[in-house]
Amino acid sequence: METVGAILDLIRSGGTVSRTELIEQTGLTGASITKIVRQLLDDGLVVETGSGDSTGGKRPTLLQLNPAARVAIGVSLDEDRVTYLAVNLGGQVVARSSSKGTGSRKPSEVAPRMGEEIAAFVESLELDAVVGIGVGIPGRRDTAWFDATAWEHRALEDALMQATGRQVMVENDSTCAAIGEYWVGRMASTDDFATVYMASGFGFGLMIQGQTYRGSAANAGELGHVLVDSHGEPCICGRRGCLHAMGGMVRIVQLALLDEDLATELRLRGTARTTHADFDRIARAAVKGDDRAGALIRQSARYLASAVVSVNNVLDLDQLILAGPGFSLVGEIYADAVSERLSQDSWSRTATTVRVGLSGLGNDVAAIGAATLVMHSELTLQNRPRRNRD
């Protein structure tokens with residue numbers, strides 16, 4: 001079964017591929033490939049689509065994923081909003097819905113309501129081939145509100161499985177963003193890369209040979225708590241000078257509020273519930289050329305660049321993708337700052353260049369990634385969580 005999953009993943013990453021190419025890529029016999037492909041065709045996961053170029057004999061029949069064969073539900077969970085997406089096997093969104101966020105309640109406490117909303121969402125679409133439910137949640141932040149350890153993951157998974165009767169996988173939103181880029185971008189399992197996910201804070205998702213790295217307690221990727229200024233502002237983690245405290249959305253809004261003229265012009269409200277909306281107003285002003293707003297965004301980008309350089313010196317990245325709502329309006333400013341700093345200060349700068357780009361999945365990247373995480377796990381038998389549940 002693992003071999004079947006591996007072949008399906010090769011077809012996914014290839015877009016279209018022939019049986020001959022699968023033989024060459026895997027080293028399996030023609031008879032083995034024929035048997036596996038027949039199983040995938042019978043299951044409806046793969047379809048034949050036209051013919052490839054001839055190399056002297058009969059033109060080969062091409063294979064590709066059948067997007068309509070399966071659907072997964074992807075959920076993005078935050079204080080402000082819960083987003084529900086139905087995503088097909090090709091990574092396309094076929095339906096969406098949303099509801100109010102968690103507020104100050106723990107995700108596991110909101111699960112019963114979410115279960116009802118997911119059930120109603122699926123029923124309204126009359127979907128038969130739902131693989132499962134993937135949920136992207138913020139990484140560990142203020143433990144008074146939310147402790148995203150394996151236990152919080154487990155509590156939310158168990159509650160949603162009980163409420164929906166379906167398979168549920170819960171991951172950090174940065175991890176979901178990485179797997180979404182991997183699946184929808186048709187990246188091969190040999191393509192190692194990382195994502196920086198910016199929402200209320202900063203997360204980091206790392207893909208290595210088709211697997212996301214989670215850490216021993218599913219807390220890997222807390223880029224927001226990389227130290228960027230040892231004498232900086234207090235952080236919610238109890239330290240000073242973390243990226244979150246120096247360049248996160250909350251900090252940008254706080255600094256904007258200190259400028260009374262700017263705060264009045266942009267109609268900033270400055271409450272915990274309006275952080276995202278206030279940040280968007282500042283970002284729009286920066287894009288339109290407001291020097292005051294632009295200075296705040298560029299300062300944040302420099303702090304991010306500093307954190308990324310430190311991480312790159314450890315990981316030796318090839319590609320970095322900036323994803324999430326924080327980059328939707330001002331992503332180019334952040335990408336330019338990160339690229340420039342990497343080219344100047346990265347340890348490996350004389351040997352290689354890190355490619356820095358923006359996600360093409362928009363603000364839904366975490367929910368899309370959560371859905372594709374389920375499909376990647378259940379259909380290709382890869383990327384299964386390895387959390388201690390004892």
Contact summary for Ala194 and Phe204, nearest pair of heavy atoms:
CB-CZ, 3.4 Å
Between Leu296 and Asp259, is a side-chain contact (heavy atoms from CB on, under 4.5 Å) present by the stated rule, with each step listed?
CA-CA 11 Å; Leu296 296 176; Asp259 186 330; over 6 Å; no
Judged by atom type as modelled, is there a donor-acceptor pair below 3.5 Å linking the side chain of Ser300 to the main-chain atoms of Gly247?
yes
Could you tell me whether the side chain of Leu22 reaches within less than 4.5 Å of the side chain of Leu10, counting heavy atoms only?
yes
Minimum heavy-atom distance Thr352-Asp316, with the two atoms named
CG2-OD1, 4.0 Å
Rounded to the nearest 0.5 Å, how far apart are CD of Glu332 and CG of Leu322?
9.5 Å
Measuring only between side-chain heavy atoms, which start at C-beta, is Gln167 closer than 4.5 Å to Val131?
no
Decide side-chain hydrogen bond (donor to acceptor under 3.5 Å, both in side chains) for Ser99 and Glu117; before the verdict, give the C-alpha distance in whole Å, the side-chain angles of both, and the deciding distance to 0.1 Å.
CA-CA 8 Å; Ser99 68; Glu117 292 172 347; 2.9 Å; yes
How close do Ala111 and Leu156 get, heavy atom to heavy atom, and via which atoms?
CB-CD1, 3.8 Å
Just by distance, do the side chain of Asp278 and the backbone of Gly270 share a donor-acceptor pair under 3.5 Å?
yes
Are Tyr197 and Val250 joined in one hydrophobic group, where the rule is that I, L, V, M, F, W and Y side chains link up if heavy atoms are under 4.5 Å apart?
no
Given 3.5 Å as the limit, does a donor-acceptor pair link the side chain of Arg349 with the main chain of Gln344, or not?
yes
Going hydrophobic residue to hydrophobic residue with side-chain gaps under 4.5 angstrom, can you get from Val93 over to Tyr182?
yes
Do the side chains of Thr20 and Ile33 get nearer than 4.5 Å, heavy atoms only?
no
Is there a salt bridge (Lys or Arg N to Asp or Glu O under 4.0 Å) between Arg281 and Glu265 once you walk through the steps?
CA-CA 10 Å; Arg281 290 174 184 269; Glu265 291 173 22; over 6 Å; no
Over 60° means perpendicular and under 30° means parallel, so tell me whether Tyr334 and Phe327 are parallel, tilted or perpendicular.
perpendicular
In one Ile/Leu/Val/Met/Phe/Trp/Tyr side-chain cluster, 4.5 Å: Leu320, Val311:
yes
So do the side chains of Leu206 and Leu317 get within less than 4.5 Å of each other, counting heavy atoms only?
yes
So, Asn313 side chain and Trp347 main chain: donor-acceptor pair closer than 3.5 Å or not?
yes
Return the CG to CG distance between Leu255 and Leu262, rounded to the nearest 0.5 Å.
10.5 Å
Backbone of Leu361 reached by a side-chain donor or acceptor of Ser359 within 3.5 Å:
yes
Heavy-atom donor-acceptor pair, Asn88 side chain to Gly90 backbone, under 3.5 Å:
yes
Between Asp42 and Arg38, does the salt bridge (Lys or Arg N to Asp or Glu O under 4.0 Å) criterion hold? Intermediate values first, please.
CA-CA 6 Å; Asp42 290 344; Arg38 174 48 56 191; 3.7 Å; yes
For a side-chain contact (heavy atoms from CB on, under 4.5 Å) check, start with the C-alpha distance between Val46 and Asn66, then their side-chain angles and the critical distance, and finish with the verdict.
CA-CA 5 Å; Val46 170; Asn66 176 14; over 6 Å; no
Quick one: are Val87 and Met375 in side-chain contact, heavy atoms under 4.5 Å?
yes
Classify the side-chain pair Glu48/Thr61 by whether it contains a donor and acceptor separated by less than 3.5 Å.
no
Give a yes or no on whether the backbone of Arg302 and the side-chain of Ser306 come within a donor-acceptor separation of less than 3.5 Å.
no
Tell me whether Asp364 contacts the main-chain N or O of Ile368 through its side chain, where contact means a donor paired with an acceptor under 3.5 Å.
no
Smallest separation among heavy atoms of Pro67 and Gln92, with atom names:
CB-OE1, 4.2 Å
From Glu171 CD over to Ser377 OG, what is the distance, rounded to the nearest 0.5 angstrom?
9.5 Å
Heavy-atom closest contact (Val184 atom, Thr372 atom, distance)
CG2-CG2, 4.3 Å
Run the side-chain contact (heavy atoms from CB on, under 4.5 Å) test on Arg341 and Val308 for me, step by step, so that the C-alpha distance in whole Å, both residues' side-chain angles and the decisive distance to 0.1 Å come before the verdict.
CA-CA 9 Å; Arg341 186 69 184 275; Val308 168; over 6 Å; no
Worked check of side-chain contact (heavy atoms from CB on, under 4.5 Å) between Leu223 and Met198:
CA-CA 10 Å; Leu223 185 68; Met198 182 182 180; over 6 Å; no
Less than 4.5 Å apart, side chain to side chain, heavy atoms only: is that true for Val170 and Leu77?
no
Are the side chains of Ser348 and Asn312 in contact, using a 4.5 Å heavy-atom criterion?
yes
Exam field: side chain Thr274 to backbone Ala277, donor-acceptor pair closer than 3.5 Å
no
Parallel, tilted or perpendicular, judged at 30° and 60°: which one describes the rings of Trp183 and His376?
perpendicular
To the closest 0.5 Å, what do you measure between CD1 (Ile118) and CZ (Arg113)?
10.0 Å
Around atom CZ of Arg186, are there more than 12 heavy atoms of other residues, nucleotides or ligands at under 6.0 Å?
no
Nearest 0.5 angstrom please: Ile11 CD1 to Leu45 CG, how far?
9.0 Å
Using every non-hydrogen atom in the two residues, find where Ala256 and Leu268 come nearest and quote the distance to one decimal.
CB-CD1, 3.6 Å
Rounded to the nearest 0.5 Å, how far does CD1 of Ile297 lie from CG of Leu304?
11.5 Å
Asp173 side chain vs Ala366 backbone, donor-acceptor pair below 3.5 Å
no
Is Ser230 close to Arg240 at the side-chain level, that is, under 4.5 Å between some pair of heavy atoms?
no
Indicate, with yes or no, if Leu62 and Ile23 share a hydrophobic cluster defined by side-chain heavy-atom contacts under 4.5 Å among Ile, Leu, Val, Met, Phe, Trp and Tyr.
no
Is there a path of hydrophobic side-chain contacts, each under 4.5 Å between heavy atoms of I/L/V/M/F/W/Y residues, joining Val354 to Tyr213?
yes
